Every structure is written in C-alpha cells, then in structure tokens.
There are 2 protein chains.
Amino acid sequence: MLLYQEIRQYLFALIAEHPELKKLPSERELLEKFQSTRITVREALTRLEAEGVIYRQNRKGWFICPPRLKWDPVKKVNFYQLAQEQYFIPLTKLVSFETLATNKELEQAFSLKTSGELHKIYRVRSLDERPIMVEEIYCLASQFDGLKDKALDGSITTIFEHDYRVNITHESSRLIVTVIPDDKAELLNVNSGALCLKIIRKRFNQHDELVDYNIEYWVHSAIEIEVDSK
Amino acid sequence: MLLYQEIRQYLFALIAEHPELKKLPSERELLEKFQSTRITVREALTRLEAEGVIYRQNRKGWFICPPRLKWDPVKKVNFYQLAQEQYFIPLTKLVSFETLATNKELEQAFSLKTSGELHKIYRVRSLDERPIMVEEIYCLASQFDGLKDKALDGSITTIFEHDYRVNITHESSRLIVTVIPDDKAELLNVNSGALCLKIIRKRFNQHDELVDYNIEYWVHSAIEIEVDSK
DNA sequence: CAGTGGTCTAGACCACGAT
DNA sequence: TCGTGGTCTAGACCACTGG
C-alpha cells in the first residue's frame, strides 16, 4: 500500500478507537513514526481533511471533527433550535453592519430599476465554540429602516416578522462546493484554501418580492444537508 | 504575494481569457515558467481543483471544468431532460447488475424483519463524455422481478411506473461533501482523493414504503444544487 | 518512445501559537 | 522560547498515456 494511505489508515483507526481524542499528533511526530517526510504525512492529513474527518486550525494543529450539524435548507427552522436539538451550543456573532449602495448583482436580484441602498449584515455562527459558518445578508434599507438597532445576533426572520410585519413565504437556494474566500477563512479560523459549501439563498414574501439575499459559507466538514420532498 | 498564489492567479486569468482552452500547461512547463518546484506548482493546481475550476485525469493532465449541471434534488426531473435543457449530451452506462442478500444497513432502510434479496444497479452518468456521477441503486428483488432485463441505462423511475405500477411519491436526500471512494474514482476517471458530493436518497411510495435506496457520488465541480421551497 | 502526473526523500526558513 | 504548521527548494523513481 502507498505510504500516505498507510498513514491515513493509521490515523483513521486512531480516531475511531479514541472517541475522546480532540487533536492529532503533530506532523513531525508522525513523520518520525513512519520514517517519512512532511510531504507524505501532509498528503495523508489533507486527504482526511477533504473527507471531513479532521480539520486544522492555522498553525495550531490538526483536530478531529465533531459530528456534523444536520440541516434542511427547505424547512424554516431556526439555527438555535436546530443546534440545540442536536446537542450543540450555538452562537451567533455580528461582525459588522453596514448600509451601502447596491451593485449590479444585487440590483438585479432585488429587481431594482435604479440604484438604492441595502443593509448588509455580516455574521459568524459557531457550534460549541467552533466557527462553522459566515453569512452576508442583504436587504433593502428602505424596507427595514432602523434594522441596525435590532438584535442582529438572533433570528433575522423573527425580526422581519415581528418588527416589520414582513413574512418569508418561500425561498430558493443554490449550493456549490468550493473554497472559502481568504477573508472569510480568517473569521472561521480555518486555513486559506479550506473547503466549504457555499449557499446562496433568496427569500421571498407572498408577492414574490425578494426580501433578503444571503450568501453563506459553511465549513464543509461541519454540515450535512437533509432535504425532503413531498 | 505567495508564489503558489501567484501561479494560481496566473492560471485563473489564463482560463478566464481563453474560454476555448481545455487543458492546462503541464506541471513541468509551469515550474519552469515560475522558476519553482513541483510542490509549489501543485499547491496552486490543487487549490484551483478544490475551487472547482479545474480537474485532473489520472496521468493525463489538468483540464478546465465546463459549466456545472444545475440540478434540483427535490423536483422529479429526468437526468436526460435536465442535461439537454442545459445543452449537455447526457449518457448513462450500466456498470453491473447484481441480486444480493441484504446487509444490516439496507435491512433497516427497507424495514425488513428478515434478510431478503435486493437488486443492485450500478451505473455511471456522463455529460459530454465526461463521467460526472456514479450511483448504486438498491430495490427489493421480490418487488421488481425481472428488472435485470429492462433498459437499465434509462430512467429507473419510468421503469418502476410503467412496468411495475410503482409510483414514487416522495423522497428524502442527505448531502455531504467528502472524497470519492477509490473504486468509484476509477470509474469516474478521476484521481484517488477527488472531492465529491455524496447524496443518499430514499424514495417512497404513497404508503410510505421505501421503493429504492440510492447512493450517488457527484464530481464536486460538475454540479450545482438548486432547491426551491414553497 | 517521450511526456505526463503520482509518489516520495531530505532537507530549509518563516510566522504564529502556547507557555 | 520552543513547537506548530505554512511555504518552498531540488531533486528522485515510478506507472501510465499517447503518439
């Protein structure tokens, strides 16, 4: 068998047999154990990382992935509730709030004929202190006056409903597998080049008008999507 | 800027400016151009691969990804129709057909009280001659007697409906990002360790009985998921 | 056959983390 | 300060592809 596959197998078994383990041995310990080099050891590690078995924190080491959050993008379930049902401790942190002019992409999404102003909510969500998702939420400034002063680390849907009488009735999502942009990688405390599931969601009201436009980046090993169709 | 980032940028621009390009320069050409080594060149290439911009074929070289197939796992659309609407030439190839005894996982899925026999359809799907998905479909041998002799490179749903009067009414899917198992990588003509979107689908009839159990592995750069909710 | 990527060695220096 | 991973050099041999 290839050497990097042997190392991979060894680590895979190590993880399976030691459920309490949080962190892997260092790369140098491993290369010594297998009389090999860092290139080969890292081949094994990056493979396990792509599989979603381990993840790294910049210059801190390689860690074992906790269970994935199961999430249904179609059901309208609140993040906190979902996380708690699955025994995670959820946390949302507001990174920034801005009000800015639209760009082409967003004007088109909101069917704006002229340029306008949008609120941008930028936040990070964690499970058990591990950041696992960043999101950018855009909505019309004219429609959500005073949004800045609401509790933006909670459910935006609830704010829309309770404070603005705007209800989301349907939505569409696009999912692709790609790499986290570097500025988001920093916020998520993952390496440049880390894999992610990028989700672009458009949420509409009963008149088929776009209410908000969200771009989410989920750490790929932290999530499992579940979709039901009736 | 980091050298591998420079190489990445160069290739990214090269691809953007030459839409007709199918194949990248070889690793050795690149290392010469950048006065670097293969390790560094490959860092740039694997990054672009993870981003879904390029893909490799074992020992043949690095190729530029065509547009992704947009697919809605919730809508019951036939693969051929979907592909053609998006100007791809679809193809399905039967790899094998077997009838085998159930295992624990499958017995549970089919709510079997005793062990039984299952048909297993194993096939590969391509777009424009590029294999992009392998799937294993399991269904009850007792329910689909003679399935072996049907046109198994077409729509299984249609065979169920027309030949067996079994209608799929709803389904549930689980999606995770992971690595393609080595035996499937070979069929897909991709490298060991290639990324994929793994989809496990259960399809049910009107009585809530499992009709088939599918495991699909999609080449991650070949697909984009679109889901609508009402 | 020459050219490609796949795997591997044996080092190096650096920035950043934990202490 | 020392240990960690991040980046990089300068090679090597191999298996397989394509002409």
Side-chain angles (χ1 to χ4, degrees), chain A residues 1-11 21-50 54-65 129-131 179-180 182 185-195, chain B residues 1-11 21-50 54-65 129-131 179-180 182 185-195:
Chain A
M1 204 196 318
L2 297 173
L3 183 50
Y4 81 82
Q5 289 284 19
E6 261 177 57
I7 302 175
R8 183 204 156 278
Q9 290 256 0
Y10 165 79
L11 291 171
L21 206 62
K22 293 260 166 83
K23 192 173 180 301
L24 291 187
S26 78
E27 295 179 6
R28 280 158 179 95
E29 275 177 70
L30 289 170
L31 72 87
E32 202 147 325
K33 182 176 181 71
F34 287 92
Q35 291 288 321
S36 180
T37 59
R38 278 186 74 200
I39 299 285
T40 306
V41 166
R42 283 169 74 84
E43 182 66 37
L45 291 165
T46 55
R47 181 69 61 101
L48 285 167
E49 183 187 35
I54 62 176
Y55 66 100
R56 41 181 152 171
Q57 286 182 29
N58 221 316
R59 289 171 219 273
K60 282 190 203 162
W62 296 85
F63 299 83
I64 294 158
C65 290
E129 315 249 293
R130 176 186 175 205
V179 155
I180 301 176
D182 281 352
E186 212 164 319
L187 278 171
L188 288 171
N189 199 15
V190 298
N191 278 71
S192 166
L195 287 171
Chain B
M1 204 199 316
L2 298 173
L3 183 50
Y4 81 82
Q5 289 283 18
E6 264 176 53
I7 301 175
R8 183 202 157 279
Q9 291 255 2
Y10 165 79
L11 291 171
L21 206 62
K22 293 259 166 81
K23 191 172 182 300
L24 291 187
S26 78
E27 295 179 6
R28 279 154 179 100
E29 277 177 68
L30 289 170
L31 72 86
E32 201 147 324
K33 181 176 180 70
F34 287 92
Q35 291 288 318
S36 181
T37 59
R38 278 186 74 199
I39 300 285
T40 306
V41 167
R42 283 169 75 84
E43 182 67 35
L45 290 166
T46 54
R47 182 68 62 101
L48 284 167
E49 183 188 35
I54 62 176
Y55 66 100
R56 39 181 152 170
Q57 285 180 28
N58 221 317
R59 290 172 220 270
K60 284 191 200 164
W62 296 85
F63 299 83
I64 294 159
C65 291
E129 316 252 291
R130 176 187 176 206
V179 154
I180 301 177
D182 280 352
E186 212 165 318
L187 278 170
L188 288 172
N189 199 13
V190 298
N191 278 71
S192 165
L195 287 171

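Naming convention: chains lettered A, B, ... in sequence-line order (proteins, then strands); numbering from 1 in each chain. The structure presented is a predicted model; accordingly, all values stated were derived computationally and were not measured.
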Between [N] ([atom2]) and [X] ([atom1]): distance, integer Å:
{"X": "B:I39", "N": "C:dT9", "atom1": "CD1", "atom2": "P", "value": "11 Å"}
{"X": "A:Q57", "N": "C:dC16", "atom1": "CD", "atom2": "P", "value": "16 Å"}
{"X": "B:L45", "N": "D:dC8", "atom1": "CG", "atom2": "P", "value": "14 Å"}
{"X": "B:E27", "N": "C:dG3", "atom1": "CD", "atom2": "C1'", "value": "12 Å"}
{"X": "A:L31", "N": "D:dT4", "atom1": "CG", "atom2": "P", "value": "11 Å"}
{"X": "B:N191", "N": "D:dC16", "atom1": "CG", "atom2": "P", "value": "13 Å"}
{"X": "B:R56", "N": "D:dT17", "atom1": "CZ", "atom2": "P", "value": "15 Å"}
{"X": "B:E29", "N": "C:dA2", "atom1": "CD", "atom2": "P", "value": "18 Å"}

Which nucleotide sits closest to the side chain of [X]: [options]?
{"X": "B:K60", "options": "D:dG6, D:dT17, C:dG6", "value": "D:dT17"}
{"X": "B:R42", "options": "C:dT4, D:dT7, C:dG5", "value": "C:dG5"}
{"X": "A:T37", "options": "D:dG6, C:dA10, D:dC8", "value": "C:dA10"}
{"X": "B:R59", "options": "D:dC14, D:dG6, C:dA18", "value": "D:dC14"}

Is there a side-chain contact between [X] and [Y], using heavy atoms and a 4.5 Å cut-off?
{"X": "B:F63", "Y": "B:R130", "result": "no"}
{"X": "B:T46", "Y": "B:W62", "result": "yes"}
{"X": "A:L30", "Y": "A:L24", "result": "no"}

**Item:** Any N/O donor-acceptor pair, B:R38 side-chain to C:dG6 base, under 3.5 Å
**Value:** yes
**Message:** Using a 4.0 Å heavy-atom cut-off, does B:S192 contact any base of the nucleic acid, only the sugar-phosphate backbone, or nothing at all?
**Reply:**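 No contact.
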**Message:** Under 4.0 Å from OP1 or OP2 of D:dT9: is there any side-chain N or O of B:S36 that close?
**Reply:** yes
**Asked** Do the side-chain N or O atoms of A:T40 get closer than 4.0 angstrom to the phosphate oxygens (OP1, OP2) of C:dT9?
**Response** yes
**Heavy-atom closest contact (B:K23 atom, B:K60 atom, distance)** = CE-O, 3.3 Å
**Prompt:** Got a donor-acceptor contact below 3.5 angstrom from the A:R47 side chain to the A:Y4 backbone?
**Reply:** no
